[in-house]
Amino acid sequence: MCTHSDPLPRRFYERDTVSVARELLGKVIVRHLRGSLLKGIIVEVEAYRGGDDPASHAYRGLTKRNQVMFGEPGHAYIYFTYGMHYCLNVTTEKLGQPAAVLIRAAQPLTGIDRMKKWRKTDRLENLTNGPAKLTQALSIKRALNGHDLTKKGKLYISRPTNPETFSVVITSRIGIKTGRNKPWRFFIQNSPFVSKQ
DNA sequence: CTAAAGATGTCCT
DNA sequence: GGACATCTTTAGA
């Protein structure tokens, strides 16, 4: 039994990272939190690879922080940065090959009141339009690092029930100092929920 | 051990 | 456009 709202399967993630990143646009991120349900449509992502990508956390090899990137595809890689922010990635490529896709922004769909509470703001466009804003709105913290996204648990990604067509804009990645030449940032054209146009 | 930078967000000018 | 909050991770001595 497999319906459209089930988590994306392992084989979706076990592929070329840039392709996975592009295809994650329009998918739905689902967060079960103490009885409440939070959902959002992914509108902005960035691909980070391994040894050939100087901007990747995995560029210099395996460390305690990035070990999830080296593991099985379809897991959450969550890291803490700037002393206060969490960022959510999904791991890709086959076991042993480090890579991940950074989820940078989403369009709030379900549980908006709860997101407003976590974010301490009422403005819809300001809830999930950035990687750290997204994790704050969905209450995603270090405890979910390594979480399996292919099972119906606290966090997973599924296909939308009512898919809408959209155009994809491709740019270089932002917020990094190296690897800026790679066109590995993707976002949904004209979405008001993208972090930066 | 020490130090510097960081896949950011917010507030200020 | 720029300062700053705040702390983990990593690299280098």
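Within every chain, numbering begins at 1; the chains are lettered A, B, ... in the order of the sequence lines, protein sequences first and strands thereafter.
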For this session: Using whole Å, report how far CD of Gln136(A) lies from P of dG9(B).
Result: 9 Å

Problem set entry | P atoms of dG1(C) and dA7(B), separation to the nearest Å | 22 Å

Seminar exercise, completed: Counting primed atoms, P, OP1 and OP2 as sugar-phosphate and everything else as base, the B/S/- map of nucleotides 4-13 of chain C against protein heavy atoms under 4.0 Å is -BBBSSSS--

For this session: Check the hydrophobic clustering (I, L, V, M, F, W, Y; side-chain heavy atoms under 4.5 Å; chains of links allowed) and say if Val18(A) and Tyr59(A) are grouped together.
Result: no

Exercise. Where is the tightest heavy-atom contact between Glu93(A) and Gln97(A), given as atom of each residue plus distance?
Worked result: OE1-NE2, 3.2 Å

Problem set entry | Interatomic distance, Tyr48(A) OH vs dG6(B) C1' [rounded to whole Å] | 12 Å

Problem set entry | Salt bridge Lys196(A)-Glu44(A), side-chain N to carboxylate O under 4.0 Å | no

Problem set entry | Whole-Å distance separating the CZ atom of Arg123(A) from the P atom of dG9(B) | 14 Å

Problem set entry | Atom pair distance, as rounded to whole Å: NZ in Lys141(A) and P in dT8(B) | 20 Å

For this session: Grab the OH-C1' distance between Tyr59(A) and dA7(B) for me, whole Å please.
Result: 16 Å

For this session: Give a yes/no answer on whether the side chain of Lys177(A) brings an N or O atom under 4.0 Å of OP1 or OP2 in dA5(B).
Result: no

Exercise. When you check the gap from the basic side-chain N to the acidic O, do Asp52(A) and Lys182(A) get nearer than 4.0 Å?
Worked result: no

For this session: Calculate the interatomic distance between Met69(A) atom CE and dA7(B) atom P; express it in whole Å.
Result: 11 Å

Problem set entry | Interatomic distance at P, dA5(B) relative to dA3(C), whole Å | 15 Å

For this session: Taking the six-membered ring for Trp and the full ring for Phe, Tyr or His, determine whether the centres of Tyr48(A) and His57(A) are under 6.0 Å apart.
Result: no

For this session: Over 60° means perpendicular and under 30° means parallel, so classify the ring planes of Tyr79(A) and Tyr77(A), tilted if in between.
Result: tilted

Exercise. Which nucleotide in the set dG9(B), dA7(B), dG6(B) lies at the smallest distance from any side-chain heavy atom of Arg119(A)?
Worked result: dG9(B)

For this session: Using the criterion of both pairing distances under 3.5 Å for Watson-Crick and G-U wobble pairs, give all stems of 3 or more consecutive pairs involving DNA chain C.
Result: B:1-6 with C:7-12, B:8-12 with C:1-5

Exercise. Do Ser172(A) and Arg180(A) meet the criterion of a side-chain donor-acceptor pair at a distance under 3.5 Å?
Worked result: no

Exercise. Which is true for Ala132(A) with a 4.0 Å heavy-atom rule: it touches a base, it touches only sugar-phosphate, or it touches nothing?
Worked result: sugar-phosphate

Exercise. Roughly how many Å is it from CG in Asn89(A) to P in dT8(B), rounded to a whole number?
Worked result: 11 Å

Problem set entry | N-O pairing of Asp148(A) and Arg10(A) below 4.0 Å | yes

Exercise. Given atom CD of Glu44(A) and atom P of dT8(B), what is their separation to the nearest angstrom?
Worked result: 10 Å

Problem set entry | cation_pi(Arg31(A), Tyr156(A)) dist<6.0 Å, angle<=45 | no

